[in-house]
Amino acid sequence: MGFALVAGIGIERATKVFARTTAIKGISLDIKDGEFMVLLGPSGCGKTTLLRCVAGLEHLDDGRITIGDRDVTDLAPRHRGIAMVFQSYAVFPHMTVEDNIGFGLRMHRRPKAEITRRVAEGAELLGLTSLLARYPAQLSGGQRQRVAVARALVMDAPVLLMDEPLSNLDALLRLQARADLKRLHKEVKRTTIYVTHDQVEAMSMGDRIAVMREGSIEQVGAPMEIYDRPASQFVGGFIGSPPMNFLRGSVRAGSFEGDGFAFPISRVPPKVDGRGLLLGVRAEHLRIGDQGVPARISVVEPLGDHALVTALVGKTPIKVQAPIDVRAKPDDDVRLAFDESKARWMDAETGAAL
């Protein structure tokens, strides 16, 4: 399709202040050529602001941004070599699919033959060839989303920026669109920054994930690296469905003790006796059986191929992923076993991993 060479993105000490609120707090992040980087975090964490700064839609108060070997900090968006897909698809209702896809090319006064060729190639890549003569009102939400992506791709920009492009789709369409975007990235290898608050999207699509919180990056890594070894309680509690379980307590003489519970523990970090700790365990690493930590079942939720069981350890609710035929029922007293090598220890005061 004649795409331009991809380009890495360098973000150095990026800071953005709105009135008295610092939306981005000195963020540094390197994104490799052709990488699919996901900015993940809750609403208000600064992920969209950071994306808009890379795009040139917001001006940095401090720091700089490079794309390839160019410093683009002070360049207008049109000179940065980027294409964007927004949460609202912004397709023009009075234009056909063909005209919508080719809109940016026409604005850049590309030759008519080139526009026709690129639109055809973009439509084929996104499965829109049979829809080129339709208007947006005749399309589904998923199809309109694909038109917006095609319009961005045909611009041949080395960097693709995507701001929650799937959030307006229903669950089934999002599932299909995630697979489409992942396939598309594999084919075109455009350097991509993708903003989302949906950790399932982040886990399934990203080469790496930058988890953001209150204007800073809490952790950067491959999806399973972040899932298995969260850098903080915040990351462990944000990544995963259900999120990581946390028990608050302290280690004393080989026993982990907290609010209404105490059980023997052998694998602990050094020099933590008497210190406030968080013990983090994933739902799938817990087993209901005859040995382990005493607990009482409060809720059992059948979810098709497994059941999600909520049990109280002392006064702390814990989620357990159990077989669908689990015999446990509310008010049953059970024991929860887990592999201590899968557990993660964190400081109770700061939430930082030990």
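Residues: numbered from 1 along the sequence shown.
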Is it the case that atom CD in Glu124 sees more than 12 heavy atoms from other parts of the structure closer than 6.0 Å?
no
Main chain of Val235, side chain of Ser232: is a donor-acceptor contact present, judged purely on distance under 3.5 Å?
yes
If the test is salt bridge (charged side-chain N to carboxylate O under 4.0 Å, His left out), which one of Asp332, Asp331, Asp333 qualifies with Arg296?
Asp333
Cationic tip of Lys342 within the cone over Phe338's six-membered ring, i.e. under 6.0 Å and within 45° of the normal?
no
Does the pair Lys47/Asp163 count as a salt bridge with the N-to-O cut at 4.0 Å?
no
If you count every heavy atom of other residues, nucleotides or ligands that lies below 6.0 Å from Arg229 atom CZ, does the total exceed 12?
no
Restricting to side-chain hydrogen bond (donor to acceptor under 3.5 Å, both in side chains), what partner residues turn up for Gln219, sequence neighbours left out?
none
Distance from Tyr135 atom OH to Asn100 atom CG, nearest 0.5 Å?
10.5 Å
Which ILVMFWY residues are connected to Met95, directly or by a chain of links, through side-chain heavy atoms under 4.5 Å apart?
Phe92, Phe103, Met107
Any donor-acceptor pair under 3.5 Å linking the side chain of Lys315 with the backbone of Gly260?
no
Grab the two heavy atoms, one from Leu132 and one from Thr96, that are nearest each other, plus how far apart they are.
O-CB, 3.5 Å
Between Ser266 and Glu340, a side-chain donor and acceptor under 3.5 Å
yes
Quick one: ring pair (Phe, Tyr, Trp, His ring centres under 6.0 Å) partners of Phe86, sequence neighbours excluded?
none
Hydrophobic clusters join Ile, Leu, Val, Met, Phe, Trp and Tyr when side-chain heavy atoms are under 4.5 Å apart, directly or via other members; which others share one with Met244?
Phe246, Leu278, Met346
Counterpart residues, side-chain hydrogen bond (donor to acceptor under 3.5 Å, both in side chains), relative to Thr196 (two or more places apart)
Glu201
Is Arg118 salt-bridged to Glu114, going by a charged N under 4.0 Å from an acidic O?
yes
Verdict with reasoning, Ser28 to Arg13, per side-chain hydrogen bond (donor to acceptor under 3.5 Å, both in side chains)
CA-CA 5 Å; Ser28 294; Arg13 307 179 316 280; over 6 Å; no
Do other residues, nucleotides or ligands put more than 12 heavy atoms under 6.0 Å from Asp170 CG?
yes
Taking distance alone, no hydrogens or angles, what donor-acceptor pairs closer than 3.5 Å link side-chain atoms of residues 305-313 to residues at least two apart or in another chain?
| residue | atom | partner | partner atom | Å |
| --- | --- | --- | --- | --- |
| Thr310 | OG1 | Lys319 | NZ | 2.9 |

What's the spacing between Ile11 CD1 and Ile65 CD1 if we round to 0.5 Å?
5.5 Å
Ala148 to Val85 - nearest heavy-atom pair and separation
O-CG2, 4.0 Å
Specify the closest pair of heavy atoms between Val149 and Met162, including all atoms of both residues, with the distance to one decimal.
CG2-CE, 4.0 Å
Treating Ser250 as the side-chain partner and Gly276 as the backbone partner, does any N or O pair qualify as donor plus acceptor under 3.5 Å?
no
Phe256: what forms a ring pair (Phe, Tyr, Trp, His ring centres under 6.0 Å) with it, not counting sequence neighbours?
Phe261, Phe263, Trp345
How far does CD1 of Ile297 sit from NZ of Lys329, to the nearest 0.5 angstrom?
10.0 Å
Sequence neighbours excluded, which residues qualify as side-chain contact (heavy atoms from CB on, under 4.5 Å) partners of Met224?
Met203, Tyr227, Asp228
Checking Asp180 now: which residues fulfil side-chain contact (heavy atoms from CB on, under 4.5 Å) with it, not counting sequence neighbours?
Arg146, Gln176, Arg183
Tightest non-hydrogen contact, residues Pro330 and Val300, listed as CD-CG2, 4.3 Å
Should the heavy atoms of other residues, nucleotides or ligands under 6.0 Å from CG of Leu172 be counted, would the total exceed 12?
no
With sequence neighbours excluded, give me every ring pair (Phe, Tyr, Trp, His ring centres under 6.0 Å) pair touching residues 198-225.
none
Could you pull out all residues at least two apart from Arg213 that satisfy side-chain contact (heavy atoms from CB on, under 4.5 Å)?
Glu218, Phe234
Run the ring pair (Phe, Tyr, Trp, His ring centres under 6.0 Å) test against His285 and tell me which residues pass, sequence neighbours left out.
none
